[in-house]
Amino acid sequence: MAPTIRSPFRRTLALMASAAILAHAGMNGVAYAQTAPQTTTPGVTTPAPATPETTAPAPTPPAAAAPETTAPAPQQAAPIQAVVPNSGPASVADLAEGLLDAVVNISTSQNVKDDEGAGPAPRAPDGSPFQEFFNDFFNKQQGNKGGNHNVSSLGSGFVIDPAGYIVTNNHVIEGADDIEINFANGSKLKAKLIGTDTKTDLSVLKVEPKTPLKSVKFGDSSTMRIGDWVMAIGNPFGFGGSVTVGIISGRGRNINAGPYDNFIQTDAAINKGNSGGPLFNMKGEVIGINTAIISPSGGSIGIGFSVPSELASGVVDQLREYGETRRGWLGVRIQPVTDDIADSLGLDTAKGALVAGVIKGGPVDDGSIKAGDVILKFDGKTVSEMRDLPRVVAESTVGKEVDVVVLRDGKEQTVKVKLGRLEDSDQAAASDDSAPDGSQDDGVITPDPGENNDMDQPDTGDQAQPAPGTPDQHKGQVSPDAATPKNVLGLSLSLLSAETRKAFGIAESVDGVVVTEVTPGSASAEKGLKPGDVIVEVAQEFMKSPDAVAAKVQALKQEGRRNAQLMIASANGDLRFIAVPME
């Protein structure tokens, strides 16, 4: 009986030992899988290499399965701790702590008449049990018409001078009757408006502190790169000083907010109430002023825009010193250089700003810059596209002599120009509306969109002057061939005579060849040409007759040109350039 009893006991002991071996092997496998990232690139997890301990062992006799021969060594406990997450990105607490006191909350109030926008008082239906109470209530309301109530709003700003100068957005304080500054320590001071600039949406305020205030300085936004860390501090939704961190997502953004759009885009959370607050670099310098967001809900979706310090600092300095801006003025009308226009001018790429007209009496009315010139550089700064020119001109000092590089007659020339001053008045203010053809009357460059109407004749250069002895086309004293209508580029062209002027309402100051018909579906029709337009120049050469237009177009084809650049005058004399493909 003994052997019978002893045999099952041994088998049971062997099975228990085997289970212990398998359990230890499993524990070793988990430990190595957890410590594998220690030997790889951070953030990349790779499987642990296979080891003898991680493979399934064959059953062994109890004597070979002693626990002390299979237990993992005690020092393996340390690698398991490597999977504990690190403490995260570097803290910005020290940076924020030193800046919070310089950022302020701005509270404004405005008196508004109670009856503004009010319509007729509603009345209850006749016979209604509440008619008497309903009508009495609204009759009292009507009797109180003419009263005022306060409308409040909240925004942000920051101190730039310990003496009490504060910068914010114009839209934060616009129309306010009362402006109050709330500081981080709980104190409040009344502020007065020093100056404002609607074109960049910036304003400067002044308070009278009893002790010097904590202030911050502008940095150089031009050195910031996409991907650099930035920090925004402001007053979102009226909560008070709040800090958000992100990166610069883009530069040079144009959101059609004004003539000098050059916004920094950031994904640092910016919400309602952040307007006017600073955007800091990691040195604690202001490199932007938070102004706008794109959001369907009004909350941050990670697309915020800041006025760069390279633009804002100059405006702020002028507002502090003069209470207004004093911008340079070139006195030309400009439009974009399209690919077609670039090709017609012989440019390798579309770049620069095309001069569509020169303001009479302006700084360059002396002929230094002419219609048809392409401005490539201004005061040493490259004009990559049309919208670059208004900004660099505006930032220049009034009365300064600058070098302007232009493309004229296919060659680059450098001309000297003395800048005038752009007056920010109702009469001289720019029109922000672009013409349907894509031309633009920009505030910096063209203060009066209707000024060309007063020009005696378009600025067409020396070629615009008729040679001595040339017949006066206005009197019809032209050759028979010139009087014959021509069909060129899908256009029916005719002499600009007294009859055609009257038929199309063309001003006496306009000279050239009139378009009487446009072939539907032609290249000219696609470019927006219409009857009544006047062709003033083709390839910077003044056109006196339909024959001249046809001859010039033919010459361009023989030169291998694919597009013909036309200077077009509207009936009232406004000029624009288009490039029409030559079929």
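Residue numbers run from 1 in the order of the sequence given.
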**Student:** Under 3.5 Å, side chain of Asp365 to main-chain N/O of Lys360, donor-acceptor pair present?
**Tutor:** no
**Student:** Going by the side-chain contact (heavy atoms from CB on, under 4.5 Å) test, name the single residue among Val216, Leu95, Val230 that passes it with Phe280.
**Tutor:**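 Exactly one option meets the side-chain contact (heavy atoms from CB on, under 4.5 Å) with Phe280, and it is Val216.
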**Student:** What's the separation between atom CE in Met224 and atom CD1 in Ile247, rounded to the nearest 0.5 Å?
**Tutor:**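 Reported value, rounded in 0.5 Å steps: 10.5 Å.
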**Student:** Check for a donor-acceptor pair, side chain of Ser300 on one end and backbone N or O of Gly302 on the other, with a separation under 3.5 Å.
**Tutor:**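 Confirmed, Ser300 side chain pairs with Gly302 backbone.
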**Student:** Who pairs with Glu180 by salt bridge (Lys or Arg N to Asp or Glu O under 4.0 Å), at least two apart in sequence or on another chain?
**Tutor:**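 Salt bridge (Lys or Arg N to Asp or Glu O under 4.0 Å) list for Glu180, sorted by chain: Lys190.
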**Student:** Is the backbone N or O of Ser384 less than 3.5 Å from a side-chain atom of Asp388, with the two atoms forming a donor-acceptor pair by type?
**Tutor:**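 Indeed, once roles are kept as given, a pair shorter than 3.5 Å links the two residues.
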**Student:** Using side-chain contact (heavy atoms from CB on, under 4.5 Å), reason through Val307 and Asp201 one step at a time and then give a plain yes or no.
**Tutor:** CA-CA 9 Å; Val307 180; Asp201 194 21; 5.7 Å; no
**Student:** Would a distance-only check, ignoring hydrogens and angles, find a side-chain to backbone donor-acceptor pair under 3.5 Å from Asp317 to Gly314?
**Tutor:**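 No; judged by distance alone, with no hydrogens or angles, the pair does not exist.
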**Student:** Taking the side chain as every heavy atom from C-beta outward, state whether Met231 and Met282 have any atom pair closer than 4.5 Å.
**Tutor:** yes
**Student:** Does the distance from a Lys or Arg side-chain N to an Asp or Glu carboxylate O, for Arg387 and Glu385, drop under 4.0 Å?
**Tutor:** yes
**Student:** Any donor-acceptor pair under 3.5 Å linking the side chain of Asp403 with the backbone of Lys416?
**Tutor:** no
**Student:** Just jot down the side-chain contact (heavy atoms from CB on, under 4.5 Å) partners of Lys377, sequence neighbours excluded, or say none.
**Tutor:**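 Lys377: side-chain contact (heavy atoms from CB on, under 4.5 Å) contacts with Thr382, Val405.
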**Student:** Please report the interatomic distance OG1(Thr266) to CD1(Ile248), rounded to the nearest 0.5 Å.
**Tutor:** 7.0 Å
**Student:** One pair to check against side-chain contact (heavy atoms from CB on, under 4.5 Å): Ile369 and Val415. What are the steps and the verdict?
**Tutor:** CA-CA 8 Å; Ile369 293 180; Val415 297; 4.1 Å; yes
**Student:** Does atom CZ of Phe239 have more than 12 heavy-atom neighbours, drawn from other residues, nucleotides or ligands, at distances under 6.0 Å?
**Tutor:** no
**Student:** Would you please test Thr200 and Asp197 for side-chain hydrogen bond (donor to acceptor under 3.5 Å, both in side chains) and show each step?
**Tutor:** CA-CA 6 Å; Thr200 55; Asp197 178 45; 2.5 Å; yes
**Student:** Work out which heavy atom in Thr397 is nearest to a heavy atom in Leu419; give both atom names and the distance.
**Tutor:**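 Residues Thr397 and Leu419, closest heavy atoms: O-CD1, 3.9 Å.
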**Student:** How would you list, by chain and number, every residue that makes a salt bridge (Lys or Arg N to Asp or Glu O under 4.0 Å) with Lys214, sequence neighbours excluded?
**Tutor:** none
**Student:** Look only at the side chain of Ser295 and the backbone of Gly299, and say whether a donor-acceptor pair between them is shorter than 3.5 Å.
**Tutor:**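 Checking the backbone N and O of Gly299 against the side chain of Ser295, a donor-acceptor pair under 3.5 Å is found.
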**Student:** Are the side chains of Arg421 and Trp329 in touch, meaning some heavy atoms are under 4.5 Å apart?
**Tutor:** no
**Student:** side-chain hydrogen bond (donor to acceptor under 3.5 Å, both in side chains) for Asn169 and Thr291? Distances and angles first, verdict last.
**Tutor:** CA-CA 7 Å; Asn169 281 143; Thr291 297; 3.2 Å; yes
**Student:** Kindly determine whether Asn572 and Ser570 satisfy side-chain hydrogen bond (donor to acceptor under 3.5 Å, both in side chains), including the steps that lead there.
**Tutor:** CA-CA 5 Å; Asn572 64 3; Ser570 62; 2.6 Å; yes
**Student:** For residues Pro581 and Asn563, determine if any side-chain heavy atom of one lies less than 4.5 Å from a side-chain heavy atom of the other.
**Tutor:** yes
**Student:** Does a side-chain heavy-atom distance below 4.5 Å link Ile289 with Phe158?
**Tutor:** yes
**Student:** Hey, does Leu566 have a side-chain heavy atom less than 4.5 Å from the side chain of Leu529?
**Tutor:**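 Side-chain contact under 4.5 Å: yes.
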**Student:** Return the CG to OG distance between Asn235 and Ser156, rounded to the nearest 0.5 Å.
**Tutor:** 4.5 Å
**Student:** With distance as the sole test, does Gln318 use its side chain to make a donor-acceptor pair with the main-chain N or O of Arg326 at under 3.5 Å?
**Tutor:**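 Yes.
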**Student:** Less than 4.5 Å apart, side chain to side chain, heavy atoms only: is that true for Arg253 and Ile303?
**Tutor:** no
**Student:** Distance from Ile334 atom CD1 to Phe577 atom CZ, nearest 0.5 Å?
**Tutor:** 13.0 Å
**Student:** Out of Leu189, Ile181, Ile194, which one pairs with Leu205 under the side-chain contact (heavy atoms from CB on, under 4.5 Å) rule?
**Tutor:**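 Passing option: Ile181.
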**Student:** Ignoring hydrogens and geometry, is there a side-chain-to-backbone donor-acceptor pair from Arg333 to Ala356 under 3.5 Å?
**Tutor:**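 No.
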**Student:** I need the minimum non-hydrogen distance between Thr244 and Ala269, along with the two atoms involved.
**Tutor:** OG1-O, 2.9 Å
**Student:** Apply side-chain contact (heavy atoms from CB on, under 4.5 Å) to Val172 and Ser203, showing your working.
**Tutor:** CA-CA 9 Å; Val172 170; Ser203 292; over 6 Å; no
**Student:** Would you mind reporting whether Asn281 and Asp228 have side-chain heavy atoms less than 4.5 Å apart?
**Tutor:**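 The answer is no; the side chains never approach within 4.5 Å.
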**Student:** Specify the closest pair of heavy atoms between Gly352 and Val337, including all atoms of both residues, with the distance to one decimal.
**Tutor:** O-CG2, 3.6 Å
**Student:** Work out which heavy atom in Ser215 is nearest to a heavy atom in Ile160; give both atom names and the distance.
**Tutor:** CB-C, 3.9 Å
**Student:** Under 3.5 Å, is there a donor on one side chain and an acceptor on the other for Ser187 and Asn185?
**Tutor:**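 Indeed, the side chains of Ser187 and Asn185 share at least one donor-acceptor pair under 3.5 Å.
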**Student:** Given 3.5 Å as the limit, does a donor-acceptor pair link the side chain of Thr325 with the main chain of Val315, or not?
**Tutor:** no
**Student:** Does the pair Val316 and Phe218 meet the rule for a side-chain contact (heavy atoms from CB on, under 4.5 Å), with working shown?
**Tutor:** CA-CA 10 Å; Val316 168; Phe218 282 112; 4.2 Å; yes
**Student:** Taking the six-membered ring of Tyr165, is the NZ or CZ of Arg320 close enough (under 6.0 Å from the centre) and on axis enough (within 45°)?
**Tutor:**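 Checked: cation-pi criterion met.
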**Student:** Report yes if some heavy atom in the side chain of Val104 is under 4.5 Å from a heavy atom in the side chain of Leu213; otherwise report no.
**Tutor:**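 No - every pair of side-chain heavy atoms lies 4.5 Å or more apart.
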**Student:** Tell me the closest heavy-atom pair linking Ser275 and His171, and the distance in Å.
**Tutor:** OG-NE2, 3.0 Å
**Student:** Between Asp533 and Arg576, does the salt bridge (Lys or Arg N to Asp or Glu O under 4.0 Å) criterion hold? Intermediate values first, please.
**Tutor:** CA-CA 11 Å; Asp533 284 340; Arg576 70 185 190 274; 3.3 Å; yes
**Student:** What is the distance from atom NZ of Lys381 to atom OG of Ser396, rounded to the nearest 0.5 Å?
**Tutor:** 5.5 Å
**Student:** Grab the two heavy atoms, one from Ala579 and one from Lys527, that are nearest each other, plus how far apart they are.
**Tutor:** O-CE, 3.1 Å
**Student:** Hydrogens and angles aside, do Asn170 and Thr196 bring a side-chain donor and acceptor to less than 3.5 Å of each other?
**Tutor:**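 Yes, because at least one side-chain N or O of Asn170 sits under 3.5 Å from a partner of the opposite role on Thr196.
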**Student:** Looking at NZ of Lys370 and CG of Asp409, how far apart are the two atoms once the value is rounded to the nearest 0.5 Å?
**Tutor:**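 Going from the NZ atom of Lys370 to the CG atom of Asp409 covers 8.0 Å.
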